[in-house]
Amino acid sequence: MKCRTFLKAMSILACPLILAGAARAESNYPSKPIRMIVPWVPGGFTDVFARKVAERMAQQLGQPVVVENKAGANGGIGTGFVARSPGDGYTIIMETADTHAINPAIYQNLEYDPVKDFKQISILASQPLVFAVNASVSARTVQEFVESAKKKPGQLSYGTWGTGSVAHLGFARFAKQAGIKLNHIPYKGVSPALVDVVAGRVDAIFVGFLSAGDNFKTGKLRPLALTGAQHVGLLPDTQTMQELGYRDFDVSLWYGLGVPSSTPDAVVEKLSQAAQHAVMQTDIKPMLESYAMQPRGTSAQEATRFIVEEGRKWAAAARDAGVELQ
């Protein structure tokens with residue numbers, strides 16, 4: 001009994017010391033290099049963007065931010081790795097719509113929960129897609145495309161970069177609201193899908209400006225609508241799907257940063273301030289805008305609300321598409 005009483009007293013005395021040590025660690029953060037995990041292969045836009053953001057965050061934080069690629073499972077391997085990492089602020093994740101909205105909607109056995117296992121740092125940027133058709137398609141508007149699809153149920157086709165992708169679920173959402181049936185052609189990446197659309201073997205695609213290249217300028221692709229909520233300067237006369245009457249239609253790619261859920265709020269706030277500052281720098285903001293991307297740089301609180309809403313939206317879209325993977 002005396003031993004237990006002694007140990008209890010010692011733990012009570014030690015508690016303030018532990019808390020004081022934790023507080024000092026937070027105030028001194030960061031005191032060593034930070035790892036930014038990119039759950040995709042090197043060389044793609046997400047990787048390039050992450051490296052630019054990491055460089056600018058490092059300048060703000062006074063410590064290197066080192067990008068490390070952990071690709072696989074549609075971003076799930078790297079994201080799961082961060083979810084299981086210590087919550088000390090030294091391992092952060094470059095999030096995308098796939099990792100934190102699509103994967104939870106379509107995979108039954110996902111190893112992480114995008115809300116419970118992470119705290120959000122910031123949503124850095126978002127990119128609307130363009131609903132486009134090849135030059136041989138007669139439709140000049142979304143309404144004409146819908147009318148054609150109703151006359152030929154299941155004959156009009158669309159290409160995407162895979163089953164369960166943003167584009168796949170976005171088209172499923174569109175088809176349900178329009179009351180039409182379309183033929184989904186999945187590819188292993190956006191590039192082969194785009195090749196077949198431009199060649200006329202597939203009718204339609206949801207594509208980003210970066211991936212589309214010069215195909216809008218040359219007329220090989222005809223834009224019918226923007227899938228995001230806002231207009232973009234590169235296609236100033238193209239309406240959004242919401243303007244055309246499609247409810248809550250915002251099918252955008254986006255990029256954000258998160259940390260394990262056990263990370264102290266004070267650390268999250270330091271990272272958030274650095275991230276917000278990074279995306280507004282003169283070598284990043286113009287780059288994003290040249291690809292019709294919107295620099296966001298949200299607060300941690302705004303990012304958290306955004307992730308929850310994205311999860312709800314894409315869960316509903318997955319149900320509409322009937323997509324459920326192991």
Side-chain angles (χ1 to χ4, degrees), residues 97 102 126-187 189-254 291-294 313-314 316-317 320-321:
I102 301 295
S126 60
Q127 177 188 18
L129 300 176
V130 183
F131 180 2
V133 295
N134 66 58
S136 64
V137 173
S138 61
R140 299 279 168 174
T141 66
V142 173
Q143 184 57 37
E144 289 179 1
F145 185 90
V146 170
E147 290 170 358
S148 181
K150 286 182 176 180
K151 292 176 183 176
K152 302 178 289 185
Q155 293 185 40
L156 288 183
S157 59
Y158 65 94
T160 74
W161 54 90
T163 299
S165 64
V166 169
H168 177 206
L169 299 188
F171 260 110
R173 191 175 180 87
F174 160 60
K176 181 176 182 180
Q177 290 196 30
I180 58 176
K181 184 178 181 181
L182 300 172
N183 183 22
H184 176 217
I185 312 295
Y187 292 81
V190 68
S191 295
L194 184 64
V195 167
D196 276 3
V197 173
V198 168
R201 291 185 285 270
V202 177
D203 298 304
I205 192 170
F206 281 179
V207 65
F209 285 86
L210 182 62
S211 299
D214 292 331
N215 286 301
F216 291 126
K217 291 180 180 179
T218 61
K220 293 178 181 179
L221 281 181
R222 182 186 308 127
L224 300 186
L226 297 169
T227 67
Q230 297 180 337
H231 284 259
V232 296
L234 296 181
L235 289 175
D237 299 324
T238 303
Q239 290 182 290
T240 68
M241 293 291 286
Q242 291 191 78
E243 288 175 330
L244 295 172
Y246 292 88
R247 301 180 307 278
D248 301 321
F249 204 96
D250 186 357
V251 179
S252 298
L253 306 179
W254 53 262
Y291 297 139
M293 296 180 67
Q294 179 188 7
K313 178 177 75 178
W314 290 116
D320 292 345

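Every heavy atom of this structure was used, including side-chain atoms; hydrogens, water molecules and symmetry mates were not.
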So for atom CG, which belongs to Asn183, do other residues, nucleotides or ligands contribute more than 12 heavy atoms lying within a distance under 6.0 Å?
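Buried by this count: over 12 neighbours within 6.0 Å.
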Give a yes or no on whether Lys313 atom NZ has more than 12 heavy-atom contacts from other residues, nucleotides or ligands under 6.0 Å away.
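Enclosed.
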Show the nearest heavy-atom pair for residues [X] and [Y], with the distance to one decimal.
{"X": "Ala321", "Y": "Ala172", "result": "CB-CB, 3.5 Å"}
{"X": "Ala139", "Y": "Leu224", "result": "O-CD2, 3.9 Å"}
{"X": "Leu226", "Y": "Thr238", "result": "CD1-O, 3.6 Å"}
{"X": "Ala204", "Y": "Val197", "result": "O-CG2, 3.6 Å"}
{"X": "Ala178", "Y": "Val146", "result": "CB-CG2, 4.0 Å"}
{"X": "Leu182", "Y": "Ala175", "result": "CD1-CB, 4.4 Å"}

I'd like to know whether Asp248 forms a side-chain contact (heavy atoms from CB on, under 4.5 Å) with Arg173, so could you lay out the CA-CA distance, the side-chain angles of the two residues, the decisive distance to 0.1 Å, and finally the verdict.
CA-CA 10 Å; Asp248 301 321; Arg173 191 175 180 87; 3.9 Å; yes
Find out whether [X] and [Y] are in side-chain contact, i.e. whether some heavy atom of one side chain is under 4.5 Å from a heavy atom of the other.
{"X": "Tyr158", "Y": "His168", "answer": "yes"}
{"X": "Arg201", "Y": "Val195", "answer": "yes"}
{"X": "Asp196", "Y": "Tyr187", "answer": "yes"}
{"X": "Ile205", "Y": "Val198", "answer": "no"}
{"X": "Val166", "Y": "Trp254", "answer": "no"}
{"X": "Trp314", "Y": "Val251", "answer": "yes"}
{"X": "Met293", "Y": "Leu253", "answer": "no"}

Return the [atom1] to [atom2] distance between [X] and [Y], rounded to the nearest 0.5 Å.
{"X": "Thr227", "Y": "Tyr246", "atom1": "OG1", "atom2": "OH", "value": "13.5 Å"}
{"X": "Met241", "Y": "Asp250", "atom1": "CE", "atom2": "CG", "value": "11.5 Å"}
{"X": "Asp203", "Y": "Asn134", "atom1": "CG", "atom2": "CG", "value": "6.0 Å"}
{"X": "Lys151", "Y": "Leu156", "atom1": "NZ", "atom2": "CG", "value": "11.0 Å"}
{"X": "Tyr291", "Y": "Gln127", "atom1": "OH", "atom2": "CD", "value": "10.0 Å"}
{"X": "Arg222", "Y": "Ser138", "atom1": "CZ", "atom2": "OG", "value": "8.0 Å"}

Run the side-chain contact (heavy atoms from CB on, under 4.5 Å) check on Val232 and Gln294 step by step: do they pass?
CA-CA 9 Å; Val232 296; Gln294 179 188 7; over 6 Å; no
Decide yes or no on side-chain contact (heavy atoms from CB on, under 4.5 Å) for Leu235 and Val130, but give the supporting numbers first.
CA-CA 9 Å; Leu235 289 175; Val130 183; 4.1 Å; yes
Assess the pair Phe174 and Phe131: is the distance between their ring centroids shorter than 6.0 Å?
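For Phe174 and Phe131, the ring centres are under 6.0 Å apart.
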Phe216 and Val207: side-chain contact (heavy atoms from CB on, under 4.5 Å), yes or no, with the steps?
CA-CA 11 Å; Phe216 291 126; Val207 65; 4.1 Å; yes
